[in-house]
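Some notes on the structure that comes next.
Order of the sequence lines sets the chain letters (A, B, ...), proteins ahead of strands, with each chain counted from 1.
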Amino acid sequence: MSYSTEVDRKWQKKWEESKLYNFDRDKLDKKLYCLEMFSYPSAAKLHVGHWYNFGLTDCWARMKRMQGYNVFHPQGFDAFGLPAENYAIKTGIHPKDSTLKNVETMEHQLKEMGATFDWDYEILTCSPEYYKWTQWLFLQLYKNGLAYRKNAPVNWCPSCKTVLANEQVIDGSCERCQTEVTKKNLTQWFFKITDYAQELLDCLPGLDWPEKTKKIQTNWIGRSEGAEIEFKAEGKDLSLRVFTTRADTLYGVTYVVLAPENELVDQITAPDYKGKVEEYRNQVKKISEIDRLSTVREKTGVFTGAYAIHPLTGEKVEIWVADYVLAGYGTGCVMAVPAHDERDFEFATKYGLDIIRVIKAENGGEDALPFCDYGVLTNSREFDGTKSEEARISIVKKLEKENKGELKVTYRLRDWLVSRQRYWGAPIPVVYCDKCGVVPVPEAQLPVELPYNVQFTPDGESPLAKCEDFMNTTCPKCGGHARRDSDTLDTFVCSSWYYLRYPDNKNDKEAFNTDWINKMLPVDKYVGGAEHAAMHLLYSRFITKALRDMGYLNFDEPFISLVHQGIILGSDGQKMSKSRGNTVLPDDFIQKYGSDVFRMYLAFGFAYIEGGPWNDDGIKAMDRFAGRVERLVEKIAAEGNESSVNTMGSDEKELNYIRHSTIKSVTADTEQFQFNTAIARLMELTNAIYKYDGLETKNYSLMSDAIRDFLKMLSPFAPHFSEEMWERFGEKTFITNERWPEFDEKALVRDEIELAVQFNGQIRFKINVPSDADNKAIEEIALKDSRSQPYLEGKSVLKVIVVKGRLVNIVVK
RNA sequence: GCGGGCGUGGCGGAAUUGGCAGACGUGCAAGAUUUAGGAUCUUGUGCCGCAUGGCGUGCAGGUUCAAGUCCUGUCGCCCGCACCA
């Protein structure tokens, strides 16, 4: 039987019957938790991206397995979420029904992949057995002050008809549908991720993660060291606190600015100015978020008629309201130093406000205003002549003594908004009692089940709000009437802890058993798309740390080592999409070539972390390679031992050299997810065996050993096919259970090695030297070679550089 | 605007981190086999040149015995951040 999907099925069946991929719960000393970001069953089928992620990570997992690791490799589905609900609005098919159907299809496809998944540990986030514990997680955060409710202007996607977390807003647009996001004032649930801002930052350097991803998280957390300084409002018992990183410019403050949304605006605005200020605030409200954040838009603002007292000079400075100050960052209030800040300079110039220089360039350098670099202070009383770096601290120290300021660290990171005005998610386990207020649902009453019969009218109100059966309940505290929360949890909450549930997915007493989870985690290798850098990966780290502090687990980070796969593009080099018509359907190719050929093409055709354009010819090439292997195995298996020798001549040594150097590089490459070069080396070994097989006299036992090693190394990339070849070669075991070959250092030493001979850095010819020749001997061989003579004639040798195993460079003049 | 990454044959992509550029594969060409096509096998294939040879890793310089790799400048593409005080 030549390789096809029939072979795939044959081995999938045998593997399943022998429970080959079941995780051994007793051998934890060599446990290895290998995880891919679980899939979202929105589209009915697996796409190439899933294959690229899951199939190739499985190559790595398989090698590890053969190296003796007890690999824990689970699969599951991130099954709540918007697309299923939007689909329901469009078609009338209930999210639960469409989701469960998609999951079934995808499970089937994942099984065809022939991966080492242990399906006993499967999880489905939309099942009550799972979201019961998502709700439990919410309650623990609530109990520990990490979940709270507040009214705030939040991001609203008019198309998805729900609020979004900051992380889900990309350039002012919805991460999912690209619709421009607006602001809405709503009372919503937040998780206090900001409590962990510093630790989330501090642990990054210790993680084996792509530097780019760590950078994204660093930027997102946005730590900024500065000071908070108090400006008293003139004639009022009120003070404005500003955050600044440039306290050294304090003497240059000529006005103070409040964000239009700042609550203090009402309190400080002088009566005569109220009308104008109100008008301005309304005007600002109409500006879209995208325009508001644009740096090219001209700044606008209005004077409040009020004055602030400069904390050091006691002078009066005007208080303005302006749209270039953001309400959500720092204190929503800024001290303006137009001489040394571009934004303040632009604003002050436009409105004719004072500009006072307080910083000069060091050593009389160029310092035209606005001069925003550090320098030396001037016009700053006793601080004149001090350097900015020192003054930004010492000025705050002075303020501190008078209780007018302090050093302060601010983060850009905001708390995580987790309420969603949507149906298809985990209900928030909280009720609102007329008498008792906000009451968490007791853990014994979980899960708060998501009702099935609900109307999906996309009108911006949570669908659950219209479901009276669900909404009306009794207060767990007083037994009186209460209403449930009509919102559901952001699906990122479900995915922020799923890696903790996998190892203990059947536990109905607790979310997970602490002792067990402490043995099984952290995840040793996590593989998934780079787009989750500031969302899922940040949330998961936060949840892990929060649960650690509550005593539910004892490790600091969920994912020790992270890899991002690249993106497979359409053959036109564009992102795959239905509208472009350039999508590649894995099923079609698998049907035609078999799942292993598909997997091998994905492994060979791209640098894993880069991805790249799909190419139909590439998969044909892998099909050819499989055929080449098959013919070779067939031929040598049929040939048997006749006319075999046992000697190790130069041909045998050469074959053995390639065999062992292949083991060395395939092992190293696969370890580092460099699957393309691993397969290239396997092709070279195939070519070498073919070449050796063409000889008259052969060492059969050496050749068949080489084939066996080859097949073992091939098996992570072509699991079904390799089993078939293994069997065809007369073996009775599963190749999947074989030990990964190890290279023999001695076989890597050749009798003779080839060196390039250079004259002044230019290669002229090659020489063969005994591999144990020392530098002196090599130099002599090179210089005495007849081909060297033309380059030596009439010249003197200045220097000879010998690079072992590489080249000889003769410098002549 | 700021920060980071990348730029290598017709194409996908390699290059033990400063040491023979172009591994492996595709494509192309010639040949063998075949009734033919396909498949398979062999050989060649960075560019220029009949050739000795010369030129080659976006471009221009530099360091070095030696540079795809390091440094400076520059162009192009991609990514992240962006009124964060």
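Using a cutoff of 4.0 Å between basic side-chain nitrogens and carboxylate oxygens, Arg241(A) and Glu406(A) are scored as salt-bridged. A salt bridge is absent between Arg631(A) and Glu634(A): the closest approach of a Lys/Arg side-chain nitrogen to an acidic carboxylate oxygen does not fall below 4.0 angstrom. Between Lys620(A) and Asp617(A) there is a salt bridge, since at least one side-chain N of the basic residue sits less than 4.0 Å from a carboxylate O of the acidic one. No salt bridge links Glu752(A) with Arg750(A); every basic N to acidic carboxylate O contact stays at or beyond 4.0 Å.
Between the P atoms of C6(B) and C70(B), the separation comes to 8 Å (whole Å). Annotation: U57(B) and A14(B) have their C1' atoms spaced 13 Å apart (nearest Å). U26(B) and U42(B) are spaced 12 Å apart, taking the P atom of each and rounding to whole Å. Going from the C1' atom of C47(B) to that of C41(B) covers 30 Å, rounded to whole Å. Comparing G68(B) with C79(B), their P atoms sit 29 Å apart, to the nearest whole Å. Between the P atoms of C48(B) and U43(B), the separation comes to 24 Å (whole Å). Comparing the same atom, P, in U72(B) and in C28(B) gives a spacing of 44 Å after rounding to whole Å.
Within the nucleic acid shown, Gly605(A) comes within 4.0 Å of sugar-phosphate atoms alone, with no base atom in reach, counting heavy atoms only. At the heavy-atom level, Arg764(A) lies under 4.0 Å from the strands shown only through sugar-phosphate atoms. As judged by a 4.0 angstrom heavy-atom cut-off over every strand, Val334(A) is placed among the base-contacting residues. Counting any heavy atom pair closer than 4.0 Å across all strands shown, Ile801(A) reaches a base atom. Among the heavy atoms of the strands, none lies under 4.0 Å from Asp344(A). Among the protein residues, Gly611(A) comes within range of the sugar-phosphate backbone only, with heavy atoms under 4.0 Å from sugar or phosphate atoms but none that close to a base. Within 4.0 Å of Arg628(A), counting heavy atoms only, lie sugar-phosphate atoms of the nucleic acid but no base atom. Within 4.0 Å of Val757(A), counting heavy atoms only, lies no atom of the nucleic acid at all. Lys620(A) comes within contact range of no nucleotide atom at all, as no heavy-atom separation falls under 4.0 Å. Note on Glu346(A): nothing from the nucleic acid sits closer than 4.0 angstrom, heavy atoms only. Contacts of Arg681(A) with the nucleic acid, taken as non-hydrogen atoms under 4.0 Å apart, include base atoms.
Side-chain contact annotation: Arg412(A) with Asn219(A), donor-acceptor N/O pair under 3.5 Å absent. There is a side-chain donor-acceptor pair under 3.5 Å between Ser388(A) and Asp248(A).
Base orientation of G56(B): anti (glycosidic angle beyond 90° from 0). U17(B) shows a glycosidic angle within 90° of 0 and is accordingly assigned syn.
No more than 12 heavy atoms of other residues, nucleotides or ligands lie within 6.0 Å of NZ in Lys212(A), so this atom counts as exposed by the packing criterion.
Under the 6.0 Å cut-off for aromatic ring centres, Phe675(A) and Phe673(A) qualify, their centroids lying closer than that.
Cation-pi geometry between Arg599(A) and Trp51(A) is not met: the NZ or CZ atom fails to fall both under 6.0 Å from the ring centre and inside 45° of the normal.
Here the nucleotide nearest the side chain of Arg624(A), chosen from C83(B), U40(B), C24(B), is U40(B).
Ring planes of Tyr52(A) and Tyr608(A): tilted class, angle from 30 to 60°. Aromatic ring pairs are classed by plane angle as parallel below 30°, tilted from 30° to 60° and perpendicular above 60°; the pair Phe589(A) and Tyr593(A) is parallel.
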With the criterion being N/O to N/O and under 3.5 Å, what pairs connect the protein with nucleotides 66-68 of chain B, and how long is each?
none

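Consecutive Watson-Crick or G-U pairs involving RNA chain B, each under 3.5 Å on both distances, make up stems of three or more pairs at B:1-7 with B:75-81, B:10-12 with B:24-26, B:27-32 with B:40-45, B:46-48 with B:53-55, B:58-62 with B:70-74.
Along RNA chain B, the nucleotide nearest Ile216(A) and the nucleotide nearest Val803(A) are compared for position; the residue whose nucleotide lies closer to the 5' end is Val803(A). Toward the 5' end of RNA chain B, the nearer of the two residues Asp617(A) and Gln762(A), judged by each one's closest nucleotide, is Asp617(A).
Distances shown here put a side-chain N or O of Asn676(A) below 4.0 Å from the OP1 or OP2 atom of A14(B).
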